[in-house]
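When a ligand or atom number is given, it counts from 1 through the structure's own listing order. Along the sequence shown, residues are numbered consecutively beginning with 1.
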Amino acid sequence: MGIFDESKQKRKQLIKNRNILQTTYIPDQLPHRENEIRNIVEIITPSLYKNKPSNILVTGKTGTGKTAVLNYIGKELKKEDPKEENCSFIYVNCEIVDNPYGILFNISNQIIIDQNRIPPTGWSLDRVYDTMISYIDKENKVFIIVLDEIDRILQKNGDDIFYFLTTMNEILKQSKISIIGVTNNAKFTELLSTKIKSRLGEEKVIFSPYNAEQLQNILRGRAELAFDTEIIGDGVISRCAAISAQDSGDARKALDLLRVSAEIAERNGDTSVTEAHVIAARNKIEIDAVIEVIRTITVQSKIVLRSIIELHEKKDIITTGNVYSIYKENCDILSANLLKEKRVADLISELDMLGIIHARVKSFGRNGRTREIELNINKDIIDFVKKDELFEPLQKHKSKKQTTLWKEQEDNKKV
Ligand SMILES: Nc1ncnc2c1ncn2[C@@H]1O[C@H](COP(=O)(O)OP(=O)(O)OP(=O)(O)O)[C@@H](O)[C@H]1O
């Protein structure tokens with residue numbers, strides 16, 4: 001029997017079209033975004049007559065449909081002007097390309113398809129700017145350039161590129177460009193210089209989080225395409241929508257919850273998706289998210305966390321002081337650098353900020369103050385931390401110590 005056979009036999013194929021549930025899928029219908037679509041369309045319609053639309057800043061929390069709406073509008077614009085004689089729609093994801101050179105290279109690649117393209121590296125930025133201007137001007141039309149996740153550029157490279165792009169129209173003779181910046185950072189504009197702020201945000205469109213009812217409609221639309229009707233049990237959609245609305249009104253999370261619920265049902269060999277699968281999916285997603293955070297913390301923070309777990313398992317009171325004692329022992333066994341107590345206290349605060357632990361300041365009268373710590377992760381996550389290969393020497397050392405202890409107890413009994 002092959003290693004896949006058992007899993008293949010048990011598994012039921014419940015998702016008819018997996019692609020529909022992926023967050024990269026662009027639906028043809030975007031319920032509850034009609035107003036935002038209308039607003040943006042009204043602003044950019046002049047481009048169809050070769051007139052420059054205002055720049056737009058689109059803001060809204062994550063998963064509120066900003067990218068989906070803009071891609072949808074891009075597709076519809078292409079239908080209006082299929083040969084792109086008057087306007088072209090260019091989309092750049094600044095999470096992937098976050099430096100000025102990369103952005104201009106990416107834009108130019110979508111305009112010029114011959115060997116005169118800007119090379120991926122090697123030119124000075126001034127040469128890239130000049131070449132880009134000549135490319136654009138030759139086309140004699142309007143370019144709508146969407147910079148999605150625009151805040152990523154600012155974080156890493158400042159706002160020079162925005163200055164260049166928003167002042168380009170002053171140099172262009174025939175073509176025009178219009179920028180649509182998209183961000184989920186509500187404070188983005190506060191980080192821009194006044195000049196750029198007013199240029200980029202000539203028009204503003206805000207996407208608000210979805211409520212439970214809206215999420216239900218969105219999920220229902222996607223579920224109709226992804227599943228056969230009898231697969232989704234009563235209450236599944238409303239449960240997914242209620243959980244996600246309570247969390248953040250994020251459609252991506254709601255879709256993930258539905259997809260993971262169906263995947264759990266498939267793995268269990270069940271014939272439909274039920275509310276119990278949704279609860280299991282929520283737990284799994286929560287655990288995965290915390291594990292993802294723990295993966296990114298430093299080795300020293302992991303040793304501190306491991307020390308807290310040890311105290312938690314011994315049911316000891318956990319204070320900054322006794323965490324430090326165990327941490328010292330663990331650093332010794334792991335041959336890791338030993339940090340000062342103050343630094344370890346900072347790492348404890350960081351774990352607190354990440355929500356992995358809760359630390360409360362406790363006063364002990366004249367004996368001063370300390371922090372009492374509680375673990376805020378469940379058994380699955382504790383096991384994940386303990387199984388980190390970093391802690392292998394610790395595991396071996398502790399089980400050797402335990403064996404010696406048992407042996408001593410046995411010997412004492414014999415005596
Ligand atoms: N009104 C809607 N109808 C159908 N699907 C939607 C709707 N709004 C969002 N979605 C879906 O939710 C997911 C997340 O949407 P999208 O990526 O557009 O969010 P976003 O606001 O750009 O998020 P982020 O700021 O994190 O990039 C996508 O799969 C998208 O298709």
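Inclusion of Arg222 in the set of residues having an N or O under 3.5 Å from an N or O of ligand 1 is warranted. When only interatomic distances are considered, the shortest N/O to N/O separation between Leu255 and ligand 1 does not fall below 3.5 Å. Of the polar atoms of Tyr210, at least one N or O is found under 3.5 Å from an N or O of ligand 1, judged by distance alone. No N or O atom of Pro27 sits closer than 3.5 Å to an N or O atom of ligand 1. For the pair Gly65 and ligand 1, the shortest N or O to N or O distance falls below 3.5 Å. At a 3.5 angstrom cut-off on N or O pairs, Thr64 counts as close to ligand 1.
Summary of contacts: the protein heavy atom closest to atom 18 (O) of ligand 1 is Ala68 N, 2.8 Å. The protein non-hydrogen atom at the shortest distance from atom 28 (C) of ligand 1 is Thr23 O, 3.5 Å. Scanning the protein heavy atoms around atom 17 (O) of ligand 1, the nearest turns out to be Arg252 NH2, 3.0 Å. Protein heavy atom closest to atom 1 (N) of ligand 1, with residue, atom name and distance, is Pro31 O, 2.7 Å. At the top of the distance list for atom 23 (O) of ligand 1, counting protein heavy atoms only, stands Gly63 N, 2.9 Å. In terms of protein heavy-atom proximity, atom 26 (O) of ligand 1 is nearest to Thr62 OG1, 2.3 Å.
When atom types are taken as modelled, the side chain of Arg222 and the backbone of Gln22 share a donor-acceptor pair closer than 3.5 angstrom. One N or O on the side chain of Asn376 and one on the backbone of Gly355 form a donor-acceptor pair closer than 3.5 Å. Not a single donor-acceptor pair under 3.5 Å links the side chain of Asn169 to the backbone N or O of Lys176. Of the possible polar contacts, none joining the Ser301 side chain to the Ile297 backbone as a donor-acceptor pair under 3.5 Å is found. Looking only at distances, a side-chain donor or acceptor of Ser124 sits under 3.5 Å from a matching main-chain atom of Arg127. Panel note: side chain Asp151, backbone Phe188; no donor-acceptor pair is recorded below 3.5 Å. Between the side chain of Thr183 and the backbone N or O of Glu149, no donor-acceptor pair lies under 3.5 Å. Distance alone, capped at 3.5 Å, places no donor-acceptor pair between the Tyr210 side chain and the His32 backbone. Without hydrogens or angle criteria, Ser244 side chain to Ala241 main chain gives no donor-acceptor distance under 3.5 Å. Remark: the backbone N or O of Ile279 is not paired with any side-chain donor or acceptor of Lys284 at under 3.5 angstrom.
Within a 6.0 Å sphere centred on NZ of Lys75, heavy atoms belonging to other residues, nucleotides or ligands number more than 12.
Nearest to atom 20 (P) of ligand 1 by heavy atom, out of Glu95, Lys66, Glu149, is Lys66. Here atom 4 (C) of ligand 1 lies nearest to Ile218 when heavy atoms of Ile20, Asp28, Ile26, Ile218 are compared.
At a heavy-atom distance under 4.0 Å, atoms from both the backbone and the side chain of Thr67 approach ligand 1.
Residue contact check: Asn184 has heavy atoms under 4.0 Å from atoms 24 (P), 25 (O), 26 (O) of ligand 1. Shown in contact with Tyr25 at under 4.0 Å from a heavy atom are these atoms of ligand 1, numbered in order with element: 31 (O). Close approach to Ala251 involves these atoms of ligand 1, each under 4.0 Å from a residue heavy atom: 9 (C), 10 (N), 12 (O).
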message: Show, in sequence, the C-alpha distance, side-chain angles and deciding distance for Asp256 and Lys253, and conclude whether the salt bridge (charged side-chain N to carboxylate O under 4.0 Å, His left out) test is met.
response: CA-CA 5 Å; Asp256 278 346; Lys253 277 199 179 157; over 6 Å; no

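Ligand 1 lies out of reach of Phe207, whose nearest heavy atom is not under 4.0 Å from it.
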